[in-house]
Amino acid sequence: MKHSIRLQSICILLAVTLSCTSCMSTRVVSLYDNDSVVKNTKTTWSFAWGLVAPKDIDARCESKRMSSATNSTNLGYILLSTVTLGIVVPQKIEWECAPPDPEIEEL
């Protein structure tokens with residue numbers, strides 16, 4: 001009985017770990033020399049096979065520019081999309097803002 005409970009606990013822990021890690025991601029980089037350590041994250045949801053698209057995300061970058069953006073999914077998101085036959089498709093978006101340009105002072 002104890003062995004069965006321990007095995008179930010390990011299986012649940014493994015399933016949770018796998019569903020929280022990123023399975024697939026695409027990263028777009030426009031500026032490599034970014035000193036930013038702030039990563040903004042948002043989960044977007046598409047419904048009805050993309051007919052109901054997610055709302056646009058306001059990046060809220062001070063410089064009005066992004067240095068990189070990553071779109072990723074995980075096992076949990078893929079399973080949800082599969083179970084609902086594509087009716088519900090979540091995706092995680094992560095982006096970094098480019099640093100503001102320093103003002104040039106006259107001498």
For this session: Could you check Ser46 against Gln91 for side chain to side chain contact (heavy atoms under 4.5 Å, CB included), going step by step and ending with a plain yes or no?
Result: CA-CA 8 Å; Ser46 296; Gln91 295 178 346; 5.7 Å; no
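- Rounding to the nearest 0.5 Å gives a distance of 10.0 Å between CD1 of Ile12 and CG of Leu7.
- Under a hydrophobic-cluster definition in which Ile, Leu, Val, Met, Phe, Trp and Tyr are linked whenever side-chain heavy atoms come within less than 4.5 Å, directly or via other members, Val89 and Leu85 are assigned to different clusters.
- Annotation for Asp56: atom CG does not count as buried by contact number, only 12 or fewer foreign heavy atoms lying within 6.0 Å.
- For the residue pair Thr73 and Pro90, the shortest heavy atom distance occurs at OG1-O, 4.3 Å.
- Residue Cys97 comes nearest to Asn40 through the heavy atom pair SG-ND2, 3.9 Å, listed as atom of the first residue, atom of the second, then distance.
- Going from atom CD of Glu96 over to atom OG1 of Thr70 covers 7.5 Å, rounded to the nearest 0.5 Å.
- Contact of the Pro54 side chain with the Trp45 side chain is not registered, since no non-hydrogen atoms from C-beta on lie closer than 4.5 Å.
- Contact of the Ser72 side chain with the Glu94 side chain is not registered, since no non-hydrogen atoms from C-beta on lie closer than 4.5 Å.
- Atom CG of Leu80 is separated from atom CG of Leu75 by 11.0 Å, given to the nearest 0.5 angstrom.
- Lys42 is linked by a side-chain contact (heavy atoms from CB on, under 4.5 Å) to Ile57, Trp95, counting only residues two or more places apart in sequence or in another chain.
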For this session: Quick one: do Ile87 and Trp49 satisfy side chain to side chain contact (heavy atoms under 4.5 Å, CB included)? Show the steps, please.
Result: CA-CA 5 Å; Ile87 294 173; Trp49 307 281; 3.4 Å; yes
